[in-house]
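See below for the structure under consideration.
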Number of protein chains: 2
Amino acid sequence: MKLKPARISAAQMPPRLAQSAFELFAERGFANVNLDQIAARAGVTKGSLYWHYRSKHELLLAACNLYYRQWHAAVHAALAPLPDPLERLRAALAFSVASCVLDRQNRMFTISLFMLMQEDALARAGWAQFYAAVREFYIGLVAAAQAAGRLPPGAARRRVDLMLEAMEGLKLRAGFEPQAAQPAEQQVIIDSLLGIFLPQAAQALPAGMGKTQTPRSKRTNQR
Amino acid sequence: MKLKPARISAAQMPPRLAQSAFELFAERGFANVNLDQIAARAGVTKGSLYWHYRSKHELLLAACNLYYRQWHAAVHAALAPLPDPLERLRAALAFSVASCVLDRQNRMFTISLFMLMQEDALARAGWAQFYAAVREFYIGLVAAAQAAGRLPPGAARRRVDLMLEAMEGLKLRAGFEPQAAQPAEQQVIIDSLLGIFLPQAAQALPAGMGKTQTPRSKRTNQR
DNA sequence: ACCCTTCCATACTCATGGGTATGGTGCGGG
DNA sequence: CCCGCACCATACCCATGAGTATGGAAGGGT
């Protein structure tokens with residue numbers, strides 16, 4: 001790999017370590033990676049690692065922030081050449097599905113992160129910020145497509161929320177139903193998610209809904 | 001708690017240990033619970049634990065299976081007194097949201113389990129079976145409500161899939177947005193999930209959604 | 001040249017926890 | 001009565017891995 005142990009500037013050592021950490025975390029999960037392996041992948045040892053980071057926890061957060069920044073950069077790069085609003089939305093969905101749902105390593109990293117978030121407020125805050133940014137990003141895409149008449153108008157925020165929740169659910173499902181995570185399924189998934197923004201049953205449904213009576217039952221709220 | 005160390009039949013020791021394991025796992029996550037604590041909660045020590053289970057992994061799976069059985073029993077008990085199909089669906093959603101989305105301990109257990117599934121085929125198979133059963137259960141409820149004219153017909157399977165994925169996504173979101181997991185939100189969430197089965201956009205708006213018109217502001221999406 | 005700061009490698013400490021070895025206790029049956 | 005098995009407690013082993021102590025090499029300033 002590395003032909004010469006050509007001096008690596010110390011200034012770029014922290015991101016290099018964070019990158020190594022991210023790759024190993026994505027491969028095996030937070031709990032199954034130790035600091036020696038991370039340092040080794042970066043071409044150094046634990047002594048160097050502890051000079052740049054104070055703890056494994058700090059490195060964990062650095063790896064997360066690295067992931068957030070790279071994800072944003074990649075999705076913006078994927079959309080940059082596309083002018084049409086609907087195509088931009090479709091491309092964003094395609095990238096999200098390919099990276100977040102179908103990619104095993106990304107899933108491993110994310111689920112490890114969700115586990116960490118259960119007990120770490122900083123990790124929670126970081127993800128919350130990332131998620132909010134992604135949400136606003138999608139709302140903007142949908143609003144643009146609606147304004148251009150490429151999507152039926154209305155309820156952009158709610159539909160984006162539903163879409164993101166469904167995507168997260170799909171991610172989890174892909175973890176235990178490998179057949180749902182085949183690359184061949186990508187287009188189906190994208191169309192399905194896109195269908196959330198087409199509420200008019202334009203999605204290959206038998207159009208037979210005559211009675212749409214609203215339920216008015218009383219609720220019993222046991223448990 | 002336990003007034004007397006009154007002999008506990010050895011036959012009920014395995015489920016007792018599995019129950020203790022489940023409670024501790026739900027409290028702190030798989031990785032943060034050791035076998036001594038599990039045994040102590042069951043009123044025994046590790047020697048006894050290893051007589052009934054061969055490894056922590058085996059106990060893990062037993063705790064999962066216990067959870068699956070208890071969940072099925074609880075949801076069926078909640079629906080038993082309800083005759084109306086739509087009320088049954090609503091009650092099932094209420095129970096699912098209360099137990100799977102809003103309950104912190106349940107979330108902790110589930111996310112630990114998803115982490116475990118990434119590397120353990122048996123855990124994956126167990127959850128896949130549970131998930132399939134829940135899916136069929138909901139499809140039955142929806143189909144019954146549709147057949148009774150209480151829901152617009154069509155696409156029961158697809159909508160149930162979308163609903164379950166959204167619920168899983170909500171679970172994850174509740175983990176890092178505590179304000180979305182307040183008990184007060186329960187009814188909003190239930191109505192929102194129920195709205196998936198009412199494709200005509202007749203769904204009540206979730207709170208905090210005053211302006212439903214399409215925003216047309218330009219946004220700069222840096223960082 | 002010299003020192004001093006930065007950066008990194010080596011070798012250690014030490015807590016943790018899964019798993020095991022072994023010995024004890026209660027109880028049913030011969 | 002006592003033997004033996006089922007069941008459980010105690011004490012141990014030991015691999016793992018985070019964190020630390022320490023010393024050495026590189027490079028810049030004076």
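Atoms considered below: every heavy atom in the structure, side chains included; atoms not considered: hydrogens, waters and symmetry mates. On a predicted model such as this, the values are computed, not experimentally measured, just so you know. Every chain is numbered from 1, with letters handed out A, B, ... down the list of sequences.
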>> At less than 3.5 Å, do the side-chain atoms of B:Lys56 and the base atoms of C:dG19 form a donor-acceptor pair?
In response: no

> Taking the side chain of B:Ser48 as its heavy atoms from C-beta onward, which of C:dA9, D:dA9, C:dC8 lies nearest to it?
Replying inline: D:dA9

> In whole angstroms, how far is the P atom of C:dG18 from the CZ atom of B:Phe30?
Replying inline: 13 Å

> Rounded to whole angstrom units, what separation is found between the CZ atom of A:Arg54 and the P atom of D:dT20?
Replying inline: 11 Å

> Nearest-Å distance, CH2 (B:Trp51) to C1' (D:dC7)?
Replying inline: 6 Å

> Of the nucleotides D:dC8, D:dT20, D:dA9, which has the atom closest to the B:Thr45 side chain?
Replying inline: D:dA9

>> Please report the distance, rounded to the nearest Å, between OH in A:Tyr53 and P in C:dC7.
In response: 13 Å

> Taking the side chain of B:Met13 as heavy atoms from C-beta outward, which of D:dC8, C:dC8, D:dG19 is closest to it?
Replying inline: D:dC8

>> From CG of A:Leu49 over to C1' of C:dC7, roughly how many Å is that when rounded to an integer?
In response: 13 Å

>> In whole Å, I'd like the distance from the CD1 atom of B:Ile38 to the P atom of C:dG17.
In response: 11 Å

> Counting only N and O atoms by type, is there a donor-acceptor contact under 3.5 Å from the side chain of A:Ser112 to the main-chain atoms of A:Met108?
Replying inline: yes

> Among D:dA18, C:dA9, D:dA9, which nucleotide sits nearest the side chain of B:Val44?
Replying inline: D:dA9

> What pair of heavy atoms forms the shortest contact from B:Ala91 to B:Leu79, and how long is it?
Replying inline: CB-CD2, 3.5 Å

>> Tell me whether the rings of A:Phe176 and B:Trp127 are parallel (<30°), tilted (30 to 60°) or perpendicular (>60°).
In response: perpendicular

>> If I take atom OH in residue A:Tyr50 and atom P in nucleotide D:dA21, what distance separates them, rounded to the nearest angstrom?
In response: 12 Å

> Is A:Tyr67 reaching over with its side chain to a backbone N or O of A:Ala62, donor-acceptor style, under 3.5 angstrom?
Replying inline: no

>> What is the separation between atom NE2 on B:His52 and atom P on C:dG19, rounded to the nearest whole Å?
In response: 17 Å

